[in-house]
Structure formats: C-alpha cells, structure tokens
Amino acid sequence: MTIAIPAQIGGQPVLILKEGSSRRTGQEAVANNLLAARVVGELLRPSLGPKGLNKMLVGSVGDVTITKSGVTILSEANIEHPIAKMIVEASKSQDKEVGDGTTSVAILISELLRGAEDLLRRKIHKSAIISGYFLAADAAVSALSKIAVKIEPRDRDSLRKVAFTALNTMLPEDVCNTFAKMATDTVPEVVEKRGNKYVVDTDNIQIVKKEGRGADDTQLVRGVILDKELVHPNMPKRLVDCRLALIDFPLEIEKTEISAEIKINSPELLRRMRDEEAKTIEELVGKVANSGTNVVICQKGIDEDAQHLLANRNILAVRRVKRSDMEKLARATGGKILSNTGEVDAEALGKAGLVEERKIGEDKMVFVQDCSNPKSLSILMRGETEKLLDEYERAMKSVLSVVADVYERNSIVAGGGAVEVELAKILKRRAAQLSGGQQLAVIAFADALEEIAVILSENAGANPIESVTRLRKAHKATSGKNIGLDLQSGKLVDMLKRGVVEPELVKERYIKAATEVTNMILRIDDVVVASKPPPPPKQPST
Ligand code: ADP
Ligand code: MG
C-alpha cells in the first residue's frame, strides 16, 4: 500500500511533503526493495562465467550493444528503480576500482538480500542480520588473505593465467590468448615502483579501435595514434627524429564573429586583400616553422595556403586533433600545448623518434612513436565489426586492470567457485561459535557466496546441486581448498593447478562492496518519493 501524504495525527492533517509525493514504510518498503534487487540478480545470472550468455541491449535510439559484461548490461539497461540503481553503482565502482567481478558483485548483493528476506520472514531482527553480515564479510576477507597465494608479478606465466581467466568469460579462446599476451606485455611497461609498492596507471595505455581484419592483428604501438590523415598529399609521410609543435590555435585567417559585408569594386583591391591574407598566413606558418619543428599537430584548422606552405617546408601536419589526444601527445612527447605564436619556441617542442602516416584498413592514421616518455603506449585494436570491437575494447580495459591488480597486490586465488566454497566452509565453522540471529546471518552469507558456484555450474548445463555437494565434500580436506569447477571438462579440479586464477583484490573488493551495499539497502525502511516536477510551460509559438 502506498500512503499518500497528508497523514493524519489526532484527526489533524499534517502536511510535510509536497502534494503528489508518495511514501512506503516498514515491511512494504523492504519487500519492494528486495524484489528490485532480486530482479537485478535474475537479470545477470545467465551471464556469469565462461559459459554465460550474451545479452543484446537495444537503446532508446535503436543502438545495439551485445555483451556479457555485467557492468555494461547494468549501465545500458536504463534501470529506474532506486535500489536497482544502487546495485548498478556498486557494479560500476567495482569496474573502476579493480576492472573485474562486476557481475559477481551484483549477484552477491542480490543473494545476500534474498538471504536477508528469508531471515526477516523468520522474525530475525534487521540489526542482527546487518551485524552478522558485517562480521561474515570481515571473517571472509581475513580468511581470503590466508587462502591467497603470493606470486611474483614479473612471473609472466602466472600473470598470463590471471589475464586469461578474466578474458575467457568474455571472448573466444584464441582471442583470449592474443589479448592475455598483449596485456601481460603492456602493463609491466607502465608500472612505477614507489617505495616497495607498484603503482600502475592504465590511463597511460591508449586503446584505439579500427574496424577490419581480426583480433589477431591487434598490435602494441609505443607512442600515440591519431585517427587522422596528413593535411596535404605533398607532405612527407614518414619522418624520423621529430620535433613536434602542439598548437591549439588555427593556422588560418580567423573568421570574425560578426558578419560584415565588404564591397570591393576594383580587381586591384581584391588582389591587395588576398596578398594581405597570404602574408598573414605566411607569417603565422613562419613563426611556427622557425622554431625548428618538423611536425605540426594542430587542435584547430589549417587552411589550404598554410597546408601548402608547410608541405613546401617539408613539415608534416595534422589538423583538428581532439583535445584529449593533444594532452596525450603532450604527456608522451614532453611538448607543451601552445595557445599562441608567442609561445612557440624550440624549448616547447615535443620529441618523438618517428612520426608516420600509415594506411590501416580503409583509413589513414598517424603514428607518433618512440616518444621521450617510454610509458606512453597504445593498443591498436582490430576487429571484424564495430560491435565486436566494442566488446574487445571492454575486455581489453578489464584485463589491463586485472593485470594491474596483481601488481598492486601480488596474490591470487582459485576461481571456478573454489574460493567461494572454501570461504563458505570457513564461515559456517565461524557461525558455529555464534548464536541467534547473527549466527543465521553468517550462514546466510556463506550460502550467498556458494550461490556463485551454483550459477557457474547451472550456466554450464551441469546439475548445480550435485556440483556444489561434491565441491563441499572436496573442500572438507585442507588439500581441497582450491578445488573448483572446470567448466570445460565438467570435472572438479585444483583450479590453481588448472590455471583458473583471479587477483585476491577482485575477490576482496566484491565481498566488501556487496556487504556495504546490502547493509545500506537493509537499513532503509522508509521510502519517500518526491512528486514529479510539473512539465515546463509551453513557449508561446511566434
Ligand atoms: P564477473 O563480471 O563477475 O567477473 P564473469 O562472467 O567474468 O563475471 O565470471 C566470473 C566467474 O567465472 C568467476 O567466479 C571465475 O572464477 C569464473 N571463471 C572464469 N573462468 C573460468 C573457467 N575457465 N572455469 C571455471 N570458472 C571460471
Ligand atoms: Mg569477469
């Protein structure tokens, strides 16, 4: 039931909310919130794991996205319910912080809330559930650090396995191999050591997509790629030992804001005006060229006269470059972005070993390579179609973060449900030392974790009850702590040996985040929805 405001106290109407607002309280609010969370869980279940299925999302303007990535499904699904939106935010922040586990975090929230709903029905007080969940999460995270296995990030083989596991839930096997190698080759080059910690800024790695060819042709480029062609055909296509002028002013006669009409009644006057314009451009180009530059990268326009002059001086030039690319170039080449001719001098130029225009697929692109900053790298992604390229890009971004996670915290855990079943076992033992509602909550937490293994098995077409029973049995022995579901063979195997491994950081983050969000949702027992603002008044037509 929705209680409309005004409410009555002692027969007197008390107006505290705007007319049209609605309110849900107590059990009704909780039930509605839990239902929304369950719907999100159900939406994502079929997409979890390597045997999960794709979803096709059609946007409001008919744009299509095909993906298995949890965060993409949730972001594109145009979710309205405020509780469901909280889950979407949790998934997005998981993506931003660690790059993986975005489906798992949403499913875990949904399962924790399902457990809570059951306990509420059994008249367990909310505060006991909330404290039980916090306790369980703490116990799980500390157990996780004991289960986790240390690895040396420079050990490329282990790194490649972590990368492959993250990728194999999104892409076909051969593409996974190519991308896993790419990620494990690339990330170590941008790692910085601060004290005894590694810091990785994956923003240093630019991803550029170009339709055509297959994923196999994806290549690592040491430098920056501009999706642009040279402005003039007579310019050199390839230059070595380059000094780049990064300018954000136009090399053309600027049009004035005001529109003015000039009447010219003699050919002489017209010629003089043209000469004047040509002189201005010549001066402008001269100022840039005299700094000793041989490559001009311009954020604004370069007109025909200027193009010609630059080509005559053997200068290679590109125009209308995006601001974000200008900034990347500044970082990569050590050059300054110059906003007027006064700032152009030899000191302000960037440096690169090679600048070259190459034909990639149907288009031409400009490669700025061997820059003064060796940490500036680009991945040129190839794929047969635009949709495939989008999914490849998501997968590449995710795997770069996952490899970076291993540098940040050099420990891994076994995947395929192994770590969840092991943690569930540990939590159930911990629950035995507790009592009452808290005990039941810790058990519910363990069950929610186990549900990840259930879903992995379900999606692979196996019998989930049987799989989990066998997994539990295998985990009774200490030697069984890494046993998980090998979805290829359908057998239970040691996932560490099988090479299905994930960063400890991803698992830690998803457990912590899911608990925080679940408990936040559980604490809500009053939902007040403001009335919709009236539509803006129609403008009188003129
Ligand atoms: P998320 O968005 O949560 O990362 P995924 O669809 O990527 O969701 O699935 C991740 C789950 O799949 C993890 O629990 C992981 O251990 C499991 N997994 C990944 N690869 C395999 C594999 N080859 N065999 C079994 N489980 C796997
Ligand atoms: Mg994943």
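First listed ligand is number 1; within each ligand, the first listed atom is number 1. On a predicted model such as this, the values are computed, not experimentally measured, just so you know. What's counted below: heavy atoms across the whole structure, side chains too, no hydrogens, waters or symmetry copies.
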**Q** Any non-hydrogen atom of G101 lying under 4.0 Å from ligand 1?
**A**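 Flag set, G101 near ligand 1.
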**Q** If the condition is side chain to side chain donor-acceptor pair (under 3.5 Å), which residues does R160 pass it with, not counting sequence neighbours?
**A**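 Listed in chain order: nothing, the list is empty.
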**Q** Is any NZ, NE, NH1 or NH2 atom of the basic residue among K397 and E393 found under 4.0 Å from an Asp or Glu carboxylate oxygen of the other?
**A**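 So K397 pairs with E393 through a salt bridge.
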**Q** Could you identify the single nearest non-hydrogen protein atom to atom 23 (N) of ligand 1 and state the distance to 0.1 Å?
**A**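 Residue, atom and distance for the closest contact: N168 OD1, 3.0 Å.
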**Q** Show me which atoms of ligand 1 lie under 4.0 Å from any heavy atom of L485.
**A**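 Taking each heavy atom of L485 in turn, ligand 1 has 24 (N), 25 (C) under 4.0 Å.
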**Q** What residue and atom, counting heavy atoms only, is the protein's closest point to atom 4 (O) of ligand 1, and at what distance?
**A**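 Atom 4 (O) of ligand 1 sits closest to the protein heavy atom D100 OD1, 2.7 Å.
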**Q** Test salt bridge (Lys or Arg N to Asp or Glu O under 4.0 Å) on R114 and E451 and set out the steps.
**A** CA-CA 11 Å; R114 186 203 294 272; E451 194 63 18; 5.7 Å; no
**Q** In the protein, what heavy atom is nearest to atom 7 (O) of ligand 1, and what distance, to one decimal place, separates them?
**A**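 Here the nearest protein heavy atom works out to T169 OG1, 2.7 Å.
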**Q** Decide side chain to side chain donor-acceptor pair (under 3.5 Å) for Q94 and T102; before the verdict, give the C-alpha distance in whole Å, the side-chain angles of both, and the deciding distance to 0.1 Å.
**A** CA-CA 6 Å; Q94 177 82 10; T102 64; over 6 Å; no
**Q** In the protein, what heavy atom is nearest to atom 2 (O) of ligand 1, and what distance, to one decimal place, separates them?
**A**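 Its nearest protein heavy-atom neighbour is T103 OG1, 2.6 Å.
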**Q** Should P50 be listed as contacting ligand 1, given a heavy-atom distance under 4.0 Å as the test?
**A**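 Yes.
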**Q** Under 2.8 Å from the Mg ion (ligand 2), which protein atoms of type N, O or S occur, listed by chain and number?
**A**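 Checking every protein N, O and S atom gives D100 OD1.
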**Q** Mark the output for A418 as yes if a heavy-atom distance to ligand 1 is under 4.0 Å, and as no if none is.
**A**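 Flag not set, A418 not near ligand 1.
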**Q** Tell me: protein heavy atom nearest atom 3 (O) of ligand 1, and distance?
**A**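 Looking at atom 3 (O) of ligand 1, the protein heavy atom closest to it is S104 OG, 2.5 Å.
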**Q** Give yes if a backbone or side-chain nitrogen or oxygen of G416 is under 3.5 Å from a nitrogen or oxygen of ligand 1, and no if not.
**A**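 Min N/O separation from ligand 1 is below 3.5 Å for G416.
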**Q** Measuring from the heavy atoms of D486, does anything fall under 4.0 Å of ligand 1?
**A**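 It does not; every heavy atom stays at 4.0 Å or beyond.
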**Q** Would Q94 count as a contact residue for ligand 1, given that I'm defining contact as a non-hydrogen atom of the residue lying under 4.0 Å from a ligand atom?
**A**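 Heavy atoms of Q94 never come under 4.0 Å of ligand 1.
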**Q** Does L440 have any side chain to side chain contact (heavy atoms under 4.5 Å, CB included) partners at least two apart in sequence or in another chain, and if so, which?
**A**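 Listed in chain order: L119, R122, I124.
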**Q** Students should be able to answer this: which protein heavy-atom is nearest to atom 6 (O) of ligand 1, and at what distance?
**A**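 Looking at atom 6 (O) of ligand 1, the protein heavy atom closest to it is G49 N, 2.9 Å.
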**Q** Classify the contact between L48 and ligand 1 as side chain, backbone, both or neither, using a heavy-atom distance cut-off of under 4.0 Å.
**A**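 Both of them.
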**Q** Should the proximity of E502 to ligand 1, defined as any heavy atom under 4.0 Å, be assigned to the side chain, the backbone, both, or neither?
**A**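 Near ligand 1, E502 shows its side chain, while the N, CA, C and O stay back.
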**Q** So, using side chain to side chain donor-acceptor pair (under 3.5 Å) as the criterion, who are the partners of T469 when residues are at least two apart?
**A**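 Scan of T469 (side chain to side chain donor-acceptor pair (under 3.5 Å), adjacent residues dropped) gives none.
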**Q** Between R509 and S93, is the side chain to side chain donor-acceptor pair (under 3.5 Å) condition met? List the steps.
**A** CA-CA 10 Å; R509 180 75 183 36; S93 97; 2.9 Å; yes
